[in-house]
Structures are given as structure tokens and as C-alpha cells.
Amino acid sequence: MTIEDRAGAGVAVGERWARVGGRARVRGELRYAADQPVPPCLDVAVHRSTRPHATIESVDTGAALAREGVVAVVTGADLHALLGERLMTGPAFSDQPCLAVDKVRYVGEPIAAVVAHGIDAARAAADEITVDYTDLLAVHNVDAAIDGVAFVHDELRPSAVFGDLKHLRGKRGTNVNYEFNLLRGEPDTEGVTTVRNEFWSPPTHHVPIELPYTAAWVDGDRIELMSTTQTPSYVRQSIADMLELPLNRVRVRSAPLGGSFGAKMYDRLEPLAAALAWTLRGAVRVVATREEAFLLTTRHGVAVTSSMSADENGSIVSATADVRYETGAYADVGPRITAKSGMVATGPYRTDNIRVRSRCIYTNKPSAGPFRGFGVPQVTWSHESLVDELARERGEDPAAFRRRNLLREGELSATGTPMHSADFLGCLDAVTAAVDWDSPLRRSEGRLLRGRGVAVGVKAVLTPTVSNAVLQLNQDGSATLLISTVDMGQGSDTIMAQIAAEVLCLGEGQVRVVAADTDVTPYDTITAGSRSTYHTGNAVRLAAERMRDRLVDLAATRFGVSATDLKLTGDGLVSAQTQETVSIAELVLGHFGARGTTLTAEANFTTSWVPYDHDTGQSPKVTEHWFAGAAAVQLTVDTATGRVHIEHLAVAGDVGRAINPTLVEQQLSGAAIMGIGHALFDQLVFDEGQIVNGTLLDYQLPSIKDMPDRLTPIIVESPHRTGPFGAKGVGETTIIPLAPAIANAVRDATGVRITTLPLTAERVLTALTEASQA
Amino acid sequence: MKLGSSFVVPAGPSRVFAHFLDPRSMRASIPGCAELERVDGAHYRGRLENEIAHVRFSAGFACEITELREPEQVRAVLKGEDHKLGSSIKIDALLAVHPDDTADGSSRVDYSMDVALWGKIGRMGESIVRRRSQEVERQFVTLFSEICASGPPGPDNPALVGTTPAPAGTAMPAGHRTSWWRRLLQRLFGGKR
Amino acid sequence: MTRDIELIVNGVRRRIAVGDDELLLDVLRREFGTTSVREGCGVGACGACTVLVGGRSVSSCLARAIRQDGAVITTADGLPADDDVVERFVEAGAMQCGYCIPGFVLMSHELLAENPAPSQADIDAHLEGNICRCGTYQEIRAAIAATAEHRAVSA
Amino acid sequence: MTAPAYHYPDTLDEACAVLADGEDTMVYGGGTAIQILIKQGVLFATDLVDVGRVPGLADITETPGGLRVGPLVTLRRMETDPLVRSVVPLAAQVYGQVANPRVRNTASVGGNVAHGDYRLDPPTALLVLDARLELTGTGGSRTVPAREFFVDFQRTALEHGELITAIDLPRQPESAGAWFAKLSSLSVNDWPCASAAALVVDASRQRREVRLGLGALAHIPLFARFEVAATASADEVVEQAQEATAPLIDPIPDIRGGAEFKRRLGLVAVEEAVRGSWKEHDDDRGSRWSWRRRR
């Protein structure tokens with residue numbers, strides 16, 4: 001079956017439908033989680049560790065408990081006494097308690113929670129708690145952690161979620177909680193030109209503007225949560241496990257999110273809220289302040305030591321990468337990130353000889369977890385800087401060099417999985433054309449030096465995963481779609497409606513998506529990793545197709561014709577034989593003999609993989625599909641101040657097929673703007689484990705003044721054979737190559753190669769000075 | 001945060017070294033050290049009080065001498081906690097004294113400190129903390145030099161007579177608390193100003 | 001300590017009791033149900049809590065309610081149904097997650113009241129303290145420029 | 001931590017009395033800085049004295065010598081008020097560079113300087129314009145030149161019980177050239193990493209005085225001035241300005257840059273401010289609105 005065959009008859013896919021809830025978003029009338037009605041709740045404040053690594057000798061809660069308005073003070077030890085080891089949660093490793101039990105592992109870790117009438121009373125009481133510590137040696141960076149100067153965890157505790165981590169259970173005396181290895185050919189092979197370097201990407205934070213929020217309450221024998229989460233299905237399982245409840249006694253609801261970018265998934269505030277509500281048999285609300293949100297999760301700081309070698313023909317003959325992910329005090333999903341990024345650590349290039357070692361490493365810092373790009377931008381920083389330098393060493397145009405070496409359709413990636421629907425060349429050509437790559441450049445202008453740079457990026461989609469959709473067609477011809485995908489600004493409510501509408505020939509506004517509610521909406525692995533359009537989109541497409549078949553059957557009965565004679569159109573079902581037409585409304589009314597009735601169809605879409613070989617990382621199918629993107633930039637460097645100014649940034653992503661080009665362009669642009677921050681100034685700064693810039697007065701985010709003079713998002717479409725109408729996701733595609741594209745342009749402008757992010761004015765100016773002195 | 005420097009004091013190394021270990025001398029030299037007493041040979045305890053901008057920090061601390069190379073080098077680790085402020089401090093300090101080549105009877109003091117601040121105070125702004133630390137450093141150099149110059153440790157050292165603990169730093173709006181410079185001058189010169 | 005103050009919020013005048021140290025942000029959400037006013041950073045740096053007080057933009061997360069006695073306050077959810085800035089934002093697709101957008105809408109109103117024909121530099125200078133983490137800045141600029149054009153044509 | 005008592009006096013006398021009485025009293029002006037400290041849980045004050053009801057503190061009046069500005073005048077009004085723009089255009093320009101319009105709508109002129117933050121923009125203008133601050137306590141008022149107001153790190157000439165009751169800004173000479181350069185090192189709208197205000201005024205027929213106010217380059221705002229021949233080239237003036245300011249620059253290293261980087265950036269700011277003001281003095285004599293066109 002070709003993609004065209006499966007295209008719906010409708011006119012929804014490819015249309016620039018307005019974003020669902022657009023007006024409500026603009027007017028501030030959209031209800032986010034904290035605006036949703038919940039029972040009257042007690043407020044929760046936590047007392048936090050003032051040590052990076054210490055044993056908790058005792059916790060004195062007396063003064064806090066004595067304060068007016070305080071209902072309860074709960075410590076990690078209290079919860080451990082009630083819940084035992086079930087207190088420990090986490091997607092890859094069950095290593096994180098919501099309140100520290102026997103020791104603290106980072107500055108700011110919650111130790112005790114105050115439940116009180118009003119947040120002011122709760123906070124005041126939390127300040128009264130005192131903790132007696134015995135300090136332990138702290139591990140502040142990956143090198144110290146690998147050396148094992150101290151161990152953050154006594155033993156490794158893989159969770160039940162990922163079977164392939166089982167062998168790590170109980171392993172002691174290490175801070176490395178996971179190691180991914182990839183081996184192909186003879187990685188020590190060298191061509192005539194070899195480059196090698198050390199790269200560093202610092203930890204950063206997502207900073208969605210909506211703060212994390214969870215309300216939890218007990219309703220009879222059930223617990224209910226309203227939470228800012230991208231992963232309601234995961235949270236339900238996690239809370240059910242923690243409280244030893246059957247899944248039908250846990251209800252998790254989400255609402256549209258005010259941004260997330262990976263910050264609001266897996267276990268964040270939910271375990272604490274649920275544990276408190278359940279043990280107190282009441283209703284509690286946990287709200288993180290901005291300063292607290294910085295402690296909940298971060299993006300991994302990553303060190304990469306890497307090399308790349310080319311032969312005399314300019315073909316890449318070998319590439320190696322030693323990647324160290326700093327995952328902080330708790331593994332979260334770090335081991336998965338380590339593997340998924342390790343797979344692409346040498347880039348989307350045709351290379352026969354590859355070695356990658358990618359390690360996930362505990363340190364005494366706040367836990368690092370998923371962040372738009374899932375660890376791939378940090379390795380792309382390495383391979384796209386290296387490949388650029390390799391081209392320059394050879395005296396070749398960096399775009400042309402990439403062009404020759406980039407993987408084509410059907411060629412094997414480093415993992416041995418073939419490429420499909422990953423048009424690197426199309427993306428590269430589109431962005432270089434946009435910035436007039438080959439046109440002459442005025443390289444010097446007063447204090448300014450001008451240059452151009454380019455980079456590409458590759459990422460594998462999360463595999464295997466499960467998506468479900470339930471489609472309810474109402475008698476009047478409108479539809480209600482039940483999925484657990486969470487709209488967090490990426491526009492999934494709009495995209496999923498368009499997919500269903502395309503199949504059923506419905507118009508804009510006729511398909512309504514229900515917000516995730518585990519009592520109502522079916523299981524979905526996660527809303528993350530740019531997976532929803534493809535996976536949930538396929539479940540929606542399948543459900544809609546089943547619904548269409550159902551309508552066709554009803555119409556066939558009604559008209560007394562065979563099903564093959566019928567076609568669903570915008571006017572309804574049309575019989576070729578009888579030339580009769582019946583609208584959906586009439587058809588359903590006729591079938592049930594009642595108004596307001598519903599037809600229901602459901603579908604599941606599950607992907608599978610072949611697990612990668614433990615020693616070589618090879619697999620014929622390591623992923624369901626690939627993401628391909630590119631960025632090209634023209635910029636100036638002020639030689640007096642070191643400041644980089646972007647004149648033109650062009651980004652492109654192969655999205656298979658753009659379901660809604662407007663929303664796709666916004667994702668391409670939005671990820672690029674976030675990437676500008678990572679390239680130039682966005683980073684979390686630590687001193688001995690303490691975040692020193694953990695407020696928005698100090699933490700740097702791109703504002704409207706950091707926009708490039710020109711930003712061009714470009715959609716590239718090479719349809720995926722099993723994507724819904726050929727589509728794939730897009731949320732991360734352009735953040736991946738962004739930082740190296742900018743650094744490569746700085747290199748082009750100044751001749752200086754900077755390998756540590758971000759490229760702050762100071763770092764650039766210092767590098768320029770050192771280069772001029774050398 | 002790393003701090004460190006060296007300075008010359010008009011006293012011989014052995015006297016300087018004796019001051020290193022004398023709680024009374026150190027209390028009078030360390031700005032904001034409100035209390036300091038020796039628990040046993042290698043352990044001290046005390047209280048640090050300091051004001052950084054609008055913030056008052058008061059931490060009981062314990063200090064352990066982790067390395068002692070008589071008569072030239074002492075390494076001590078100080079750990080303190082201000083419960084009220086939800087903050088703690090750790091200072092790993094190395095103090096060394098050598099004969100000074102440039103002048104007879106004087107010595108050069110080298111010090112280096114690794115200061116960690118954790119909790120609310122640690123996140124209130126690195127520049128503010130750094131600036132305050134610079135001030136504390138300068139005061140320490142002045143006070144310690146004066147004490148070394150005035151004689152050996154003990155109650156007879158004129159620089160130590162009548163020293164009373166006082167919090168360092170100033171509060172906003174400024175001026176209503178005697179500035180540290182004035183307090184320093186009062187301490188050194190008996191309130192001549 | 002609690003005192004009575006009068007606020008006129010989106011045209012509704014009410015006398016309410018507020019604590020000395022209560023923030024306008026919390027009072028507006030609690031007493032007036034203005035969901036468009038949101039805490040994002042708590043330090044006046046992101047603009048999600050923007051309200052107009054007498055037509056001037058204010059970070060309600062840094063403003064004590066008690067100081068606003070008699071103030072005329074506008075929040076984005078209280079704008080007229082046919083508000084032109086809202087229309088242009090909707091048309092331009094100037095929203096993604098939408099959390100920060102009400103703040104941008106109010107800042108735009110303030111800007112256009114002072115400067116009916118702002119250049120892009122004027123727009124950027126006025127909006128530099130509002131963060132859209134989704135990165136909708138191009139669409140926001142376009143929406144403001146379109147509002148200015150519409151107003152110029154209909155004037 | 002107990003919340004400080006909040007006072008809302010109706011008169012200046014009452015405000016001064018409360019300020020003098022309390023142990024750790026603070027004036028609550030625009031409130032932006034104080035609210036941030038409260039939010040971070042690190043403000044230690046026994047009493048906050050909100051002077052919002054005290055009459056007369058939010059006025060701008062023209063005086064024979066220039067302008068008298070009340071402490072509760074907002075930064076935004078300084079930026080936009082036609083009187084300020086015509087009498088002291090440099091002040092209008094610099095006040096318009098602080099933070100963002102929303103903060104400027106709330107933050108007050110008095111609180112801005114009383115905060116004593118070494119990074120703030122307005123002190124650089126106050127220094128070169130030779131502003132004077134009127135400080136009032138229970139014992140009466142006194143006047144302190146801006147150049148003597150910033151005493152030490154986050155410490156000003158304000159004594160316990162005093163508040164700023166006015167800032168007198170001398171008229172900016174018609175012929176003066178003025179420029180403000182603000183350089184950030186991270187995001188464009190970040191706090192300044194180095195800033196410089198320059199004012200070039202006629203000293204005599206053949207000579208000009210160059211005044212420089214620097215922000216974020218030491219623990220307090222810095223001031224320097226020197227005279228040059230009116231015929232000097234811009235390069236020569238820049239060189240002199242850098243010689244005059246380099247010894248004063250003593251930056252505090254932080255996440256925005258190390259001391260050496262900030263020193264370099266400071267000299268760039270000085271150069272930009274001097275070139276701009278020197279050129280304006282030559283070209284744009286008397287054109288008070290010139291800075292608007294440059295934005």
C-alpha cells in the first residue's frame with residue numbers, strides 16, 4: 001500500500017488549521033492544572049537539604065509541628081516505615097525517594113514535608129525543621145565520580161520498567177549506573193586526516209513558564225491526582241506501585257501544560273503528593289516555586305572525548321566517542337538517554353569503523369532527566385564540531401564534506417539499522433540555500449567578524465512504545481477523541497483532530513480531544529521525544545479508519561449495497577451504484593433511532609524493536625524511525641566584546657509530512673530559539689553542588705531581543721512509509737544541530753574553535769585573545 | 001568558591017604559628033567570629049555572624065584541624081549551619097607561615113580557602129557572596145597582622161585586650177549600624193574616631 | 001494585619017480585605033478568579049503575572065495588594081470580547097502553550113497606547129521582559145504590527 | 001522567619017519617626033527589590049515603612065537649576081516625562097534602560113539608589129550630571145552629592161532613620177554631548193556586565209570636561225572626569241578616558257564574567273560612551289531628542 005492509498009478523503013491533513021483553544025490561550029482563559037477545580041486542599045512545603053552528601057542522623061520536627069496551622073510534618077523515614085522500598089521511584093532505576101530517607105544526595109533535596117492550612121504557614125514551619133547531618137565526601141563532577149572518590153548510591157537499583165537493566169541490580173562500588181557500547185568494524189583505523197577533541201555541554205534547565213503543580217486527594221478507596229504531567233499513564237502506574245493499589249483505584253488527570261520540554265514527566269511532585277494524601281487520608285496540593293523547580297530535574301551536563309578520521313577521498317573512515325552523562329543524584333531516565341544518544345554519538349555519516357562508549361554517571365547534584373532532544377544535542381555538539389573541523393583540515397567546504405558523507409535512504413546507521421524518511425541532504429541543502437551559503441561574505445566590518453556555519457542532527461525515536469486511541473462519533477457528526485497525549489504547546493490536540501478529521505472527512509472544529517484522564521483516556525507511553533504525531537497519530541488514524549469502516553457498513557445496510565460501493569465524503573456516505581447520499585448524522589440517527597447516540601471505535605499502535613547487542617550496540621531495528629534536521633547560520637562576532645549576533649538562522653526538519661505546516665514551523669522555530677540559548681548563554685552554574693543561578697534574575701533565557709535578525713523555518717517532507725499520512729514528529733528536530741551550527745559559524749568568522757558550551761561573550765573573547773597570542 | 005592570597009606580618013614564624021592555633025587570636029582576627037573555643041587539641045567550636053547585603057547569617061560551627069605541620073602549616077575544615085536561614089557553610093582552609101625574605105623578623109602568611117555555601121544563602125547571588133568574602137579577607141589580613149605585631153597570643157597581647165565579639169558587615173539601609181571600618185578602627189585604636 | 005481596599009478589576013468594583021504582605025497576584029486569583037494572571041518566576045523577570053494598573057503594566061508578583069487601593073486593574077481575561085490585540089494575536093497564531101501570552105497581550109496594549117506605530121525595535125524594547133519559552137516571538141511581533149496597521153487604517 | 005511589621009504612615013514626620021524607632025527598618029518605595037528578597041526568604045528587617053501615602057514624594061518639579069525629583073517617581077516616568085527629556089535627556093535615556101518597562105513602572109527613583117546596587121544604570125547618570133540627594137530624618141534634612149552617596153558595597157550615605165526625599169538634577173547644558181553604553185555578557189536583556197555614561201560639557205572656550213559614570217565595574221558606581229582640548233580627536237579623548245577609568249575599575253567576578261573580562265568590557269563601554277558623547281557634542285549640539293533617534 002502506498003502512502004497515497006491510505007490518504008484520507010478529507011481536506012484536513014496539510015492544512016493550516018488554527019490551533020485548538022487559540023483564543024482562550026491568548027485571553028488567558030485556558031485552564032491549566034492549577035486552574036482546575038479540586039477539593040479544598042492543604043498546602044505542602046518541604047524542608048531541604050543544606051548538604052550535597054550526608055547521612056541524616058536525626059530530623060527535629062517539633063518546632064514545626066507546634067506552629068499554628070500545621071496539620072502534619074512527615075519525614076522520609078515516616079514514609080519509609082509505611083511504604084518500605086515502594087517509596088523508591090524512578091523510570092529506569094527505583095532509586096529516588098520523594099523525601100530523603102537515610103541520606104541526602106544533593107543540596108536542596110527534600111527531607112521533610114509540612115502539611116498545613118495555607119502555603120505561608122507551611123513554609124514558615126518548614127523553616128523550623130532542623131536536621132542533624134554527618135557529612136559524606138561529595139562527588140561534584142563526572143571525573144571524580146568515575147574515579148569513585150565516593151559513591152552516591154551504595155548499590156544500583158534498576159526498576160521493573162526496563163528488563164534489560166536487570167543485570168545491574170545490586171551492583172556496588174560504582175557511580176556508573178549504565179554503560180552503552182557500540183562497536184562497528186575497526187574503530188582504530190585512521191585515514192589521512194584525523195581530528196580529536198574534548199567537548200562539554202553544561203547542565204541546563206527547561207524552565208517552562210508554568211510551574212510544576214500536583215494536587216492529590218483520597219476519594220473513598222481511590223486516590224486522584226490533578227498534575228502538570230506529560231506522562232499520566234506512567235504516573236498512574238508509579239503511584240499504584242507505590243501505594244500497592246490496583247490501577248483502577250488510581251486516577252491521574254492532566255491539563256494543557258504551560259510548556260514542559262521534558263521537565264514534567266515521570267516522577268516529579270506526584271509521589272510526594274500521593275504519599276501525603278494517602279497517608280493523611282486527605283487532600284493536598286504541592287506547588288513548586290521557580291527556585292524549587294530548578295531542583296526537580298535538569299538537562300544532563302555531558303563530556304565527550306571524540307575523534308573522526310577521513311581518507312584521502314574525503315570519506316569518513318572512523319569515528320569514536322567516549323560520552324559521560326552527568327545524571328546527578330538520581331538516575332531518572334538517564335540510562336535510556338545514555339543509550340539513545342550513544343547510538344548517534346558519531347553522527348549520521350557513512351562510517352564503517354565506529355566505537356562509542358556512553359556512560360550514565362551519578363554525582364551529588366539535582367537529578368538530570370529528559371530534555372527536548374533526549375541527550376542528543378550534547379553528542380551532536382561533539383560530532384558536528386568534529387566533522388566541521390575535519391572538513392576544514394582537508395581544506396574543504398564543510399557543507400560539501402557533510403553532503404558527501406551523510407547517510408542516504410536505505411544505508412545503515414552506526415547501529416546497523418537502515419535509514420528511512422531521514423532526508424539529511426534535503427535538510428542540509430535547504431538551510432544552506434536559505435542563508436546563501438555560496439554567496440560572497442563581507443568578512444570584516446569594523447569590530448565585527450562575519451561567518452557562516454552549518455550542522456545536521458539525527459535522533460532515533462523512542463522504541464518500543466504503546467499508543468491507544470478511542471474515537472467516539474456522535475450522532476450529530478461531531479467526534480470526541482480520547483487519547484492520553486498531553487497538549488503542552490506542541491499542538492497535539494490540533495494535530496490529532498486533523499488526523500481523525502482527514503479520515504472521516506470532518507471539518508475544522510468537529511473533532512474534540514479530551515484531556516488526559518486515566519479513568520477515561522486509554523494508555524499512552526508518554527507525550528515526549530517527538531513521538532506523538534507518529535505513534536498516537538497512527539492509533540488515531542487506525543481508530544478513525546475503523547470508524548469509517550463501521551459507517552460504510554451501516555450505509556451499505558441502509559442502501560442495500562456492498563461496502564465496496566460506498567465512499568465517505570464531506571457530504572456523508574455516497575453510493576456509487578445508487579447515487580444516494582446519507583450524512584453521518586442521518587446514518588447514525590437511522591441506525592439507533594435516537595438522537596445524541598454514539599459510535600465508538602478504538603485502536604492500538606505498538607512499535608517493536610530488536611534490542612541492541614550488549615557489546616556492539618548493533619540491531620537491525622533499533623528504532624521505529626529517525627529524525628533528521630539541519631541548521632545554517634550567518635552571524636557576526638564582536639571582537640571587542642566577544643558577543644555573537646545572529647543575522648540569519650535557517651533550520652530545517654524532515655517531518656515526513658506536515659499535518660499542520662503552521663504548527664510544524666512553530667516547533668522548528670521554537671526549538672531553534674531554545675537552541676540559541678543553549679549555544680550562547682543558557683546554563684546552570686554549580687559551586688560545590690549549589691546552584692548559584694537558580695532564579696530567573698540570574699538564569700538566562702532567550703528573550704525577544706535575542707532573536708536572530710532573520711529566522712527561517714523550513715519543512716522538508718520525505719514521507720515515512722508507516723507514518724500517519726507519512727508524518728513524523730518534529731518537537732526536537734532543530735534544537736539538535738543548533739549549538740554546533742553557531743559554533744561552526746564562529747569558527748568560520750574568527751578561526752577559533754570553541755569546544756565548551758555556551759559560547760558566552762567571555763568565552764569567545766578569551767579564545768580570541770588566546771588565539772591572537774598564540 | 002576559592003579564595004587565597006598571601007601577606008606579610010611583622011612577627012616571626014613561630015609567633016605567627018602560635019596565633020594560628022590560639023582561639024582568642026583567631027576569634028579576634030576572623031571578621032564575624034562571635035565565639036570560638038577549643039574543645040580539644042584538634043577541635044574547636046564557635047559561631048560565625050555575618051551580614052551579606054540584607055541578609056544576616058548566624059551559624060554555629062565546628063572546626064577540625066585536619067593537618068598540622070609545626071611550625072609552618074595548619075589545615076582546618078570548618079562546618080557550620082544557620083538553621084534559621086536554611087543554609088550551611090563549609091570552609092576548607094590552609095594557613096601557612098614562612099620566614100619573609102624581605103625584612104628581618106617578619107613572616108609571610110599564605111592562605112587558601114575553599115568556601116562552600118549551601119541553601120538559601122548560596123543561591124542569593126554569587127557576586128554578592130564573593131564581594132562579601134573579599135571584604136572579610138581584607139579585614140582578616142588587617143586584624144591578624146595587627147595581632148601578630150602586638151605580641152604573642154594571650155591576654156597580654158594589646159590587640160586582644162577588650163575584644164568583644166561583634167557581627168561583621170553592615171545592614172541596609174546602611175549607616176544605622178556602625179560600619180566595619182569604624183568598628184575595626186575602634187578595635188585597633190581604642191575608639192579614637 | 002488585614003485592611004480593606006477597593007479594587008476595580010475589569011470594570012467590577014469590589015471592596016475586599018487583604019493582608020499587609022499579600023501580593024496582587026494572589027489576591028486577583030483568589031478574589032477575582034483571574035486565571036490569566038500567573039506566577040512564572042516570582043521576581044518580575046518573566047511577565048506571566050502582568051496586569052495593567054491604570055493602563056500601566058505591573059508585575060503582580062512583586063506588587064503588594066494593599067498599595068493598590070482604588071486601582072483600576074485590567075487582566076487579559078477581562079478584555080472586551082472583540083479586543084483588537086487579542087484578534088491579531090489569534091490571527092497571527094501568536095501562541096503555543098499560551099501560558100505567557102496574556103502578559104504579552106497586556107504589554108502590547110500598553111505599548112500601542114503610548115506608541116501607535118512602533119518599529120520592531122520599539123516592540124522588542126517593550127517586550128524584552130516577557131519570556132515566551134515556546135519561542136513565539138516572531139508571531140507576537142507580527143500581531144502587534146498588524147494591530148498598529150489596523151488601528152491606523154480604521155482611525 | 002517572622003514577617004516584618006508593615007507601616008503605612010501618612011506624613012513624612014511619621015515616616016521618619018517609625019524609621020528611627022525600629023531596629024532594622026527599611027523604606028518600602030516601589031518595593032521591587034524588597035519583594036524579591038522576601039520571596040527568596042532572606043530579608044531580615046523588623047519594620048517596613050511604606051512611604052506611598054506620604055504626600056509630595058512623587059512629584060517632578062522644574063527648579064531654577066534643573067529638576068527636583070521625588071523619590072517615589074517611577075523609573076518609567078523619568079524615561080517618558082517630557083520635562084525630564086528636555087531638562088536632563090541623559091537621565092531620561094539611562095532610566096529607560098533599567099530592566100524592562102514593567103519593572104520601570106513600579107521601581108522608584110529613590111529606592112533605586114538607596115538599594116546601592118553597584119550594577120544599576122541610573123547612578124551612572126546621576127554621577128555625571130552631578131545630582132544631589134536630599135536625605136531626611138527626624139533631625140531634619142541634609143544634602144549629599146551623588147558622588148559621595150555610594151559609600152561601599154550596597155552601602156550608601158543614608159544613616160539609620162533617614163530616607164531620600166528628593167534628588168536634584170542640574171540642567172544638562174544645551175551644548176553637552178551625552179551617551180550611555182550598556183553591555184551585557186549573556187542574554188541581551190540581562191543585567192549589565194559593564195555600563196558607562198559620558199557627558200561632555202564645555203569647560204572653557206578651548207577646553208571641554210569629560211565626565212564618566214561607570215556601572216557594574218566595581219563594588220560601587222564609579223566616577224571620573226578630566227579636561228581635554230576642544231580640538232582633541234575622538235581617539236585622543238578615548239585614550240584619556242580609558243587612562244582615567246582603568247585604575248578605578250575593580251570588577252567583582254561572577255557568572256557574568258571574570259574580573260579580567262569585565263575590565264576589558266568596561267573599557268569598551270567607556271570607549272563607546274566617550275565616542276558617542278564627543279560626537280554628539282560636535283554634531284548634535286542642542287538636540288535633546290537625539291538619543292531617541294538612535295534607539
Side-chain angles (χ1 to χ4, degrees), chain A residues 16 18-19 21-32 34-35 119-120 206-211 256-261 287 289-291 293 487-491 662-663 665-667 669-677 695-699 701-707 710-711 713, chain C residues 19 21-22 26 29 33-48 75-79 81 83 85-91 93-106 121 123-141 143:
Chain A
R16 293 177 182 264
R19 182 183 294 273
R23 182 174 301 271
R25 288 172 203 267
V26 172
R27 292 180 57 87
E29 292 168 340
L30 194 73
R31 300 281 165 146
Y32 300 89
D35 306 322
I119 189 65
D120 293 341
H206 320 59
V207 198
I209 303 299
E210 180 198 30
L211 290 162
L257 298 185
S260 184
F261 318 110
V287 189
T289 65
R290 178 55 64 193
E291 296 184 8
D487 196 318
M488 45 200 186
Q490 86 283 37
T662 299
L663 268 51
E665 283 161 2
Q666 284 192 317
Q667 285 293 297
S669 298
I673 292 166
M674 192 174 271
I676 290 172
T695 76
L696 290 203
L697 294 173
D698 289 321
Y699 196 82
L701 300 171
S703 79
I704 198 164
K705 282 197 168 173
D706 296 293
M707 287 288 289
R710 227 176 121 196
L711 173 56
Chain C
D21 52 4
E22 271 197 277
D26 299 325
R29 285 185 68 95
T34 55
T35 53
S36 66
V37 189
R38 300 156 179 153
E39 176 158 337
C41 69
V43 292
C46 78
T75 66
D77 53 308
L79 290 169
D83 183 77
V85 173
V86 169
E87 286 307 316
R88 302 293 93 78
F89 266 66
V90 171
E91 284 167 14
M95 85 301 281
Q96 291 184 58
C97 81
Y99 202 78
C100 66
I101 297 298
F104 278 95
V105 168
L106 294 178
I123 293 171
D124 290 1
H126 205 80
L127 302 185
E128 68 169 317
N130 288 62
I131 298 296
C132 173
R133 194 58 168 141
C134 298
T136 319
Y137 297 127
Q138 299 203 109
E139 295 86 337
I140 291 168
R141 280 176 181 162

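Note that this is a predicted model, so its numbers are computed, not measured. Sequence lines set the chain letters: A, B, ... in the order given, protein chains first and strands last, and positions in each chain run from 1.
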task = Quick one: do C:I101 and A:R25 satisfy side-chain contact (heavy atoms from CB on, under 4.5 Å)? Show the steps, please.
result = CA-CA 7 Å; C:I101 297 298; A:R25 288 172 203 267; 5.8 Å; no
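Residue A:R16: no heavy atom, backbone or side chain, is found under 4.5 Å from chain C. If you measure heavy-atom distances from A:I673 to chain C, the contacts under 4.5 Å come from the side chain alone. When heavy atoms are compared at a cutoff of 4.5 Å, C:V43 approaches chain A by way of both its backbone and its side chain. Interface remark: C:E91 contributes no atoms to any contact with chain A (heavy atom separation under 4.5 Å). Contacts of A:R19 with chain C are made by side-chain atoms alone, with heavy-atom separations under 4.5 Å and no backbone atom involved. Of the two parts of C:A45, only the side chain, counted from C-beta on, holds a non-hydrogen atom closer than 4.5 Å to a non-hydrogen atom of chain A.
Annotation: side chain of C:R141 is in contact with side chain of C:D124 (closest heavy-atom distance under 4.5 Å). Put simply, the side chain of A:I704 does not reach to within 4.5 Å of the side chain of C:N130, judged on heavy atoms. You'll find the side chain of A:T695 stays beyond 4.5 Å of the side chain of C:C41, heavy atoms only.
Scanning both residues, C:F104 and C:L127, for their nearest heavy atoms gives CD2-CD1, 3.9 Å.
Counting only distance, with no hydrogens or angles, the side chain of C:Y137 and the backbone of A:M707 share no donor-acceptor pair below 3.5 Å.
Here A:L711 is the residue among A:L257, A:L711, A:D706 with the most heavy-atom pairs under 4.5 Å with chain C. The candidate from A:A24, A:A18, A:A671, A:G670 with the greatest count of non-hydrogen atom pairs under 4.5 Å with chain C is A:G670. Chain C forms the most heavy-atom pairs under 4.5 Å with one residue out of A:G22, A:G491, A:P256, A:A34, and that residue is A:G22. Interface check for chain C: of the options A:Q666, A:R290, A:E29, A:R23, the most heavy-atom pairs under 4.5 Å are formed by A:Q666. Ranked by heavy-atom pairs under 4.5 Å with chain A, the list C:I140, C:T34, C:T35 is led by C:T35. Listed options C:E87, C:R29, C:R38 were ranked by heavy-atom pairs under 4.5 angstrom with chain A; first place goes to C:R38.
Residues passing the side-chain hydrogen bond (donor to acceptor under 3.5 Å, both in side chains) test with A:R710: none are found, sequence neighbours excluded. Under the side chain to side chain contact (heavy atoms under 4.5 Å, CB included) criterion, C:C134 pairs with A:F261, C:Q96, C:C97, C:C132, C:T136, sequence neighbours left out.
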